[in-house]
Amino acid sequence: MTSDDVVLSVQDLHVSYGVIRALKGISFEVRRGEIVTLIGANGAGKSTTLRAISRLVPFQQGSIVFEGVDLRNVSPHEVTAMGIAHVPEGRGIFANLTVQENLKLATWGKKNPREIQQAYDRVFSLFPRLAERRNQLAGTLSGGEQQMLAVGRALMRGGRLMLLDEPSMGLAPVLVREIFEVLREINAAGTTILLVEQNARQALKLAHRGYVLETGTIALSGTSQELMDNPRVKEAYLGG
Amino acid sequence: MPLLRIRGLTHFFGGLRAVHDFNLDQEPGELIGIIGPNGAGKTTVFNLITGVYRPTEGEIFFNGHNLVGKRPDQIVSLGIARTFQTIRLFKNLSVLDNVRIAHFARTRYEVPAAMFRMPNYLREEAEVRERALELLDLMGLADQAEWVASSLPYGLQRRLEIARALACEPRLLLLDEPAAGMNPGEIAELMELIRWIRQQFDLTIILIEHQMRVVMGICERIKVLDFGETIAEGTPAEIQSNPRVIEAYLGEEAI
Amino acid sequence: MQGLIQQVLNALQLGSVYALIALGYTMVYGIITLINFAHGDIFMVSTYVAFFVGTAVISRALHLPGIVVFILTMLATMFATALLAVLIERFAYKPLRQAPRVSAVITALGVGLFLENFTLATIGPDPRFLPKFFPVVTFTWSGVAFSNIQIIIIAVSAVVMLLLDTIVRRTMVGMAMRAVSWDKFTAPLMGVPVDRIISITFALGASIAAIGGMLFGMVYTIDPYMGIRIGWWAFISAVVGGIGNIRGAMLGGFILGFVEIFTPVILPASTYRDFVAFSLLLVLLVFRPYGILGRPVAQKV
Amino acid sequence: QPRGPETIKIGLNAELTGGVPVVGASCKNGAELAVEEVNNAGGLEVGGRKYKIELLIEDNEDKAESAAAAAQKLNAAGVLLMIGPNASRNAIPAAEVAEQNKMPMISPWSTNPKTTIDAATGQPKKYVLRACFIDDFQGVVAARFAITELGTKKPAVLYDVASEYNKGIAEIYKKTMEEAGIPVVAFETYTTGDKDFSAQLTKIIESGADSLFLPNYYTEVPLQVQQAHKLGFQGVIVGSDSWGATELIDLCGADCEGYFFTTHYAADIATPKAQAFIQAYQAKYGKVPDDVAALTYDAFGMAFQAIQTAGKIDREAVNQALHSIPSYEGVTGVLKFAGTGDPIKSAVVLQIKGGKFVYYTTAQP
Amino acid sequence: MNALRAFWNRVRLFYESWPPLLRRLFVPALLVLFFILALVLPQAGVLNLYQQQVLIYVGINIILAASLNLVNGYMGEFSVGHAGFMAVGAYVASILTVWAFPRWGLGEYIPYLFPVALLLGGAAAGLTGLVVAFPSFRTRGDYLAIVTLAWNMIVKSVLENIDAIGGPRGFMGMQKLTTVAWVYVWVVVTIYLLRNLVYSNYGRGILSIREDEIASSLVSVDTRKVKITTFVVASFFAGIAGGLFAHIIQFINPRSFSILKSTDVLVMVYLGGIGSLGGSILGATVYTVLLELLRPLQVWRWVVGPLLLVLLMIFRPRGIMGMREWRFLVPREERSQAIASIKEHIRRKREAAAPVPVGGSSD
Ligand SMILES: Nc1ncnc2c1ncn2[C@@H]1O[C@H](COP(=O)(O)OP(=O)(O)OP(=O)(O)O)[C@@H](O)[C@H]1O
Ligand SMILES: Nc1ncnc2c1ncn2[C@@H]1O[C@H](COP(=O)(O)OP(=O)(O)OP(=O)(O)O)[C@@H](O)[C@H]1O
Ligand SMILES: [Mg+2]
Ligand SMILES: [Mg+2]
């Protein structure tokens with residue numbers, strides 16, 4: 001592995017919300033083509049890590065380097081423009097826009113109509129449901145459809161790195177499986193993925209490697225298999 | 001006689017039929033689960049029971065009282081409390097205050113008594129304070145009593161929401177996806193907690209959940225909704241093997 | 001009958017002005033839920049800009065036709081006013097974006113007071129008219145009087161409103177505005193530069209106010225405190241129509257214009273105009289608690 | 001041991017900000033001019049010594065409570081007397097303060113009769129005077145003028161219902177008309193800050209009115225006149241002293257041509273003193289003084305004369321002297337005080353002609 | 001800054017070292033002392049009339065701000081019509097002292113009946129609070145703001161049209177009954193009563209409406225009752241403030257109670273900080289005194305004042321005291337020590353009984 005393959009490198013990252021220290025110096029990296037998962041209890045700092053990468057929250061110390069570019073002084077919309085797509089916790093769809101408008105907005109700054117059309121085609125072939133509902137207000141979609149839309153928007157941006165924050169939350173079991181299936185397809189088509197999940201079993205099944213976050217620090221790391229075999233992980237995150 | 005009796009409950013949002021002909025008879029002490037795909041109308045059923053929405057059609061009887069047309073606070077005082085799918089604590093208030101608010105309907109003193117600190121006010125407030133702290137203590141939240149609710153970790157916020165509902169002294173407790181966003185370890189704890197409060201407070205419970213472990217683990221009876229219709233009803237074992245449920249909800253590879 | 005038609009014309013003219021100002025109000029509100037109490041004063045400043053620019057242009061270039069001067073002045077005024085609004089947003093409102101919403105409201109009140117009194121202290125209290133860009137022609141048609149300015153006011157307002165409605169509904173920027181108004185923390189994840197969108201909104205709102213200011217200054221006098229009342233009226237228009245709703249703001253503006261004109265018409269004595277007009281408003285809000293076109297924010301329980 | 005120049009402190013309580021800043025600005029101008037003239041002449045000679053005048057200016061924001069606080073502040077600062085406030089809504093509370101502190105006060109422009117009356121006893125206040133005549137007088141003068149000189153048969157009125165000044169005059173006007181057997185065909189109102197009067201004016205025109213009385217501030221009158229013309233009003237328009245500013249003509253243009261208003265003085269038949277004042281004012285501020293400036297100037301003039309008469313720097317003595325001014329020839333005419341705070345002075349009717357205010361007739365009280 | 005804090009901590013420690021009884025009496029004693037000062041200082045000429053006037057305005061503004069804070073800060077509504085209620089109180093109290101009492105042969109007792117007049121004025125204002133309370137059942141936020149605004153305009157318009165009470169010319173003849181001592185008493189009473197209210201179950205009901213109205217009704221809060229209570233109480237105190245105002249200015253007219261007055265109070269509330277009575281006290285004081293201090297600037301006062309306001313809001317977006325409270329304004333039984341002792345008591349009780357395993361205490 002050469003360092004070229006490292007898409008994202010996070011070193012000694014510290015983030016605080018006022019007095020609450022959410023991240024106390026974490027380091028990890030993501031290589032091209034990988035699916036890496038962050039697992040950990042509630043409030044461990046998983047979402048905070050993703051938000052720091054997208055520059056939605058300021059970080060006090062440490063560095064985040066994406067494809068060789070330090071993100072310290074980059075603003076969130078520029079991060080997106082650089083090729084990081086973020087599916088935020090709670091989906092963050094624009095309820096007052098239609099499905100189509102939600103997708104269209106994600107092409108902000110893109111000029112090439114052919115490229116945009118290709119992106120639409122890809123999203124609609126992955127999620128035929130969204131094509132059916134394209135003129136519906138996104139706020140009236142069901143939870144699973146909203147999650148599809150959130151992932152669909154990230155695909156419209158067409159990033160090289162996709163950050164996903166608990167895509168399976170609140171979804172019916174069928175949909176959970178569908179979403180994970182789509183993630184596998186996206187990854188196979190060449191997108192690197194950093195996945196945050198509560199559903200550790202499924203996440204580890206999908207991912208190549210994983211990190212375990214505990215109260216703002218990295219407690220464990222390894223390949224998915226290693227983690228799944230680890231008794232501590234089994235006990236705390238896989239439900240015995 | 002059932003504690004809760006629902007007949008022909010139907011609700012429309014504009015042209016959208018969110019719930020259709022929902023029926024339920026729940027005996028005291030029973031724990032019933034409601035499952036179904038996203039948007040099936042589960043939360044809407046809770047909203048109809050608790051008076052957030054007025055049903056388009058149907059009857060809801062609780063303990064002999066007709067609930068249709070009553071205000072939420074009146075319904076709560078009849079003995080129904082609930083939690084929310086997305087946490088709805090009073091974020092900027094202390095944990096203790098969150099619980100004490102639930103004593104509102106049982107407050108007997110009037111505003112002037114409060115403003116002039118009359119003896120009945122002082123007595124009752126002292127009582128409420130102690131009762132609330134006792135409950136927090138039982139729920140393992142006593143140490144955080146004076147924290148601002150939003151500063152609690154997520155798991156404790158869920159727990160506080162349950163504590164706040166319990167402070168309403170309900171006979172029927174409605175839990176809307178209490179395990180959402182929890183990892184398997186936390187889910188196990190939650191199941192333990194639900195069993196314990198059920199017995200401790202002598203509760204009848206309806207539970208909405210997507211985590212099959214929880215539903216199958218603690219519910220005695222399960223109703224499955226899809227597009228507002230009840231598509232199946234039965235014991236966990238029956239539900240798990242019901243082909244319609246597998247198709248609409250659990251997926252092919254279901255256990 | 002002529003009286004009635006006359007009054008309808010009167011109401012259309014007044015309503016157009018209210019509607020234009022309400023639009024700026026509602027746009028800013030719609031996107032950052034800020035009740036921009038300074039909007040009326042930005043409108044006031046715009047009329048002064050128009051006054052000075054117009055006077056300067058006329059005195060320099062006498063050979064230009066009036067309508068050209070008018071348009072030049074309007075463009076310059078729109079630009080200057082937009083700039084002012086963007087600066088105010090940067091320095092006074094942006095630092096408060098994370099703060100509770102009312103803090104920014106108080107800041108807006110402060111900015112409004114500042115603009116009013118700064119104008120008073122530097123320019124003085126005397127009321128003025130804008131220079132006459134072109135002669136006013138009054139037509140009388142079977143007893144109903146209307147002027148070319150009146151027609152311009154109503155026409156320009158209508159065009160601006162349609163244009164704005166199209167921008168917000170159809171363009172990418174409009175989509176981004178609506179997205180930012182729903183969730184400004186997620187919008188940058190779509191590549192939308194939130195700060196710039198907010199600036200554009202302020203600039204757009206202020207330019208429309210400037211158009212309103214130009215038109216207003218041609219028929220009414222301008223003075224440093226004129227923004228207070230107009231500002232409140234625009235606020236009322238925006239809310240009555242359903243705040244954050246572009247069409248609602250237009251509708252609200254016209255309703256207010258009609259109520260203001262028609263209550264004295266219907267009443268035997270106009271003494272009770274304010275009483276009646278505001279009672280109507282109160283009753284309206286009791287029956288349509290979220291304005292005429294507004295709907296309660298559908299919050300899922 | 002040589003002593004520095006002694007000073008007399010005089011307070012000015014004016015509406016610099018708030019609802020009527022034009023009034024405050026003129027008042028301040030008139031005051032500063034009056035004080036400057038005395039000081040440039042070496043000061044005011046009292047009891048054989050020259051005193052410089054120190055002017056303490058307070059803004060009352062056109063708010064009753066601020067006017068009272070400003071009066072208290074001026075009193076605490078040890079002013080010999082206070083000029084202002086102008087609008088009656090501010091002058092009345094300030095007058096209460098003046099009375100309680102035994103501080104002489106002259107309001108240049110408060111025309112409400114109650115300013116100088118003690119509300120509890122109904123007796124005149126002891127320390128409060130004014131330089132203008134009262135609403136009642138002006139309303140009567142305007143009405144009589146409209147009847148006799150203009151021969152109005154169907155008079156109409158449009159006034160600001162939220163402003164005590166306008167309402168006071170309007171009602172007296174109406175009453176006088178009705179007593180003369182001439183019914184007022186339209187009695188319409190608006191609220192301070194309105195800029196569109198088309199609804200009321202349309203109604204007035206429909207009523208067939210042949211004259212229109214506009215006892216309103218000159219800041220609003222041009223709009224009212226122009227809108228009336230635009231809507232086709234043909235009759236004659238009459239105003240009150242609040243028209244008396246050249247800005248009226250600037251704003252109104254030809255629209256106000258030929259109309260009449262009642263006021264305190266006429267520049268074209270002015271005494272040499274008035275001429276001098278107008279010239280000095282114009283030189284200093286670049287415009288013709290309005291009635292507020294002139295009345296303020298006179299208030300100061302009365303104060304100076306009273307101080308000199310009293311011969312000492314003492315509030316009681318100055319108050320005595322003020323109340324017994326036999327005759328003060330001011331720029332706004334001759335003022336006499338007969339024991340009360342209200343001057344006896346005549347009103348003049350001016351006509352707007354060729355862009356100027358031209359003397360038309362005089363009405364005696 | 002640090003030295004100040006260190007000093008404050010020293011003072012605090014010293015205070016904590018006092019015996020409980022003394023500590024208990026400290027605040028009441030201080031309040032009585034201030035009352036005596038409020039009585040004596042004006043008499044002794046230590047405070048001149050101007051300073052007294054400003055103090056009285058500060059007091060009236062504190063009452064206005066604290067009562068509006070109940071609606072805007074604690075309940076989270078946005079009322080912009082507080083001056084409307086103040087007007088009702090001012091006119092009713094004035095009519096009583098000027099017309100009614102003398103007519104009922106009580107003329108010579110007016111100074112003693114002043115509190116009665118104020119209370120009746122407050123009651124009348126409180127009653128009109130219902131006009132705003134009922135629409136608040138169905139609407140919120142900016143829509144309710146317009147309702148309150150309309151209410152303010154309606155009051156003003158009605159007053160302008162009743163010639164019997166002077167119309168726009170105003171109403172006068174009030175004696176100067178409002179003194180520093182009286183205002184002080186009313187401020188103390190207002191703050192005391194409001195404090196008691198907000199720390200009761202009703203107060204928590206008010207807060208819960210601000211936080212989440214739907215959740216609040218779903219934990220048994222009768223939101224209608226709470227809203228009525230809040231609007232009536234807030235209007236009542238606004239009415240009291242109006243009565244005090246009328247009897248210091250000795251002249252009231254409809255203009256004094258315009259929207260501008262309402263926005264003044266609004267600024268004081270948010271400047272001080274929402275949800276804090278201490279904040280309202282500070283906000284009203286700072287705003288009133290600052291504007292008095294800026295008087296020498298004349299026209300520029302209203303240029304500099306708003307600038308300072310904007311800067312202050314930028315540096316302290318939550319107002320001076322936002323959501324915090326002065327300790328002495330927190331009832332004793334609500335302070336940490338009291339809560340801790342109850343917790344201790346519960347713990348002992350539980351240990352005595354059979355221990356119950358708590359589901360969540362995994363440690
Ligand atoms: N906006 C915020 N303000 C203050 N504290 C915050 C904020 N967001 C998160 N925190 C705190 O930071 C810590 C880490 O939060 P984070 O959301 O990153 O956890 P998480 O691992 O994503 O948990 P979850 O499983 O609940 O999503 C927690 O203690 C949380 O309470
Ligand atoms: N206030 C509302 N207005 C309009 N439609 C609504 C409203 N609330 C819910 N709906 C719609 O009603 C249907 C049922 O919603 P409900 O929230 O009951 O689903 P649910 O079964 O709880 O789903 P989930 O598992 O995702 O929580 C959905 O289609 C939803 O979009
Ligand atoms: Mg998270
Ligand atoms: Mg649900």
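Below, read A as the first sequence line, B as the second, and so on, with proteins coming before strands; counting in each chain starts at 1. Below, all heavy atoms of this structure are taken into account, side chains as well, without hydrogens, waters or symmetry copies.
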**OP:** Please state whether the side chain, the backbone, both or neither of D/E247 comes within less than 4.5 Å of a heavy atom of chain C.
**Re:** side chain
Subject >> Whether over 12 other heavy atoms sit under 6.0 Å from D/E179 CD >> reply: yes
Original post:
Hey, mind stepping through D/K195 and C/F216 against side-chain contact (heavy atoms from CB on, under 4.5 Å) and telling me if it holds?
Top reply: CA-CA 10 Å; D/K195 299 223 166 181; C/F216 186 93; 3.7 Å; yes
Subject >> Step-by-step side-chain contact (heavy atoms from CB on, under 4.5 Å) determination, D/L223 to C/F129 >> reply: CA-CA 10 Å; D/L223 281 173; C/F129 271 114; 3.8 Å; yes
**OP:** Please state whether the side chain, the backbone, both or neither of D/Y218 comes within less than 4.5 Å of a heavy atom of chain C.
**Re:** side chain
Original post:
C/V219, C/V265, C/L267: which one forms the most heavy-atom pairs within less than 4.5 Å of chain D?
Top reply: C/V265
Original post:
Counting only heavy atoms not in D/K284, do more than 12 fall under 6.0 Å of its NZ?
Top reply: yes
Original post:
Does a salt bridge link D/D250 with C/R128, judged by any charged N lying under 4.0 Å from a carboxylate O?
Top reply: no
**OP:** Counting only heavy atoms closer than 4.5 Å, note whether C/I149 contacts chain D via side chain, backbone, both or neither.
**Re:** neither
Original post:
Between C/Q13, C/Q7, C/Q150, C/M226, which shows the greatest number of heavy-atom pairs under 4.5 Å with chain D?
Top reply: C/Q7
Subject >> Closest heavy-atom pair and its distance - D/K203, C/P264 >> reply: NZ-O, 2.6 Å
Original post:
To the nearest 0.5 Å, what is the distance between CD (D/E206) and CG (C/L4)?
Top reply: 8.5 Å
**OP:** Would you indicate whether the side-chain heavy atoms of D/P21 and C/D223 approach each other to under 4.5 Å?
**Re:** no
Original post:
Given that the side chain runs from C-beta out, which part of D/I205 has a heavy atom under 4.5 Å from chain C: side chain, backbone, both or neither?
Top reply: neither
**OP:** Look only at the side chain of C/Y225 and the backbone of D/G19, and say whether a donor-acceptor pair between them is shorter than 3.5 Å.
**Re:** no
Subject >> Interatomic distance, C/I261 atom CD1 to D/F197 atom CZ [nearest 0.5 angstrom] >> reply: 10.5 Å
**OP:** Output the distance between atom NZ (D/K230) and atom CD (C/Q6), rounded to the nearest 0.5 Å.
**Re:** 7.0 Å
Original post:
So how far is it from C/L9 CG to D/S198 OG, rounded to the nearest 0.5 Å?
Top reply: 9.5 Å
Original post:
Under a 4.5 Å heavy-atom cut-off, does chain C meet the side chain of D/Q226, its backbone, both or neither?
Top reply: side chain
Original post:
So C/E260 and D/D194, side-chain contact (heavy atoms from CB on, under 4.5 Å) or not? Walk me through it.
Top reply: CA-CA 10 Å; C/E260 187 170 335; D/D194 283 2; 4.3 Å; yes
Subject >> OH on C/Y220 to CG on D/D196, rounded to 0.5 Å >> reply: 3.5 Å
Original post:
Using non-hydrogen atoms and a limit below 4.5 Å, what part of residues 113-120 of chain C faces chain D?
Top reply: C/N117, C/L120
Subject >> Intermediate values then yes/no, side-chain contact (heavy atoms from CB on, under 4.5 Å), C/D126 and D/K287 >> reply: CA-CA 12 Å; C/D126 297 321; D/K287 55 182 173 186; 3.2 Å; yes
**OP:** Select, from D/V161, D/T219, D/T191, D/L251, the one with the greatest count of heavy-atom pairs under 4.5 Å involving chain C.
**Re:** D/L251
Subject >> C/T221, part contacting chain D, at a heavy-atom distance under 4.5 Å >> reply: both
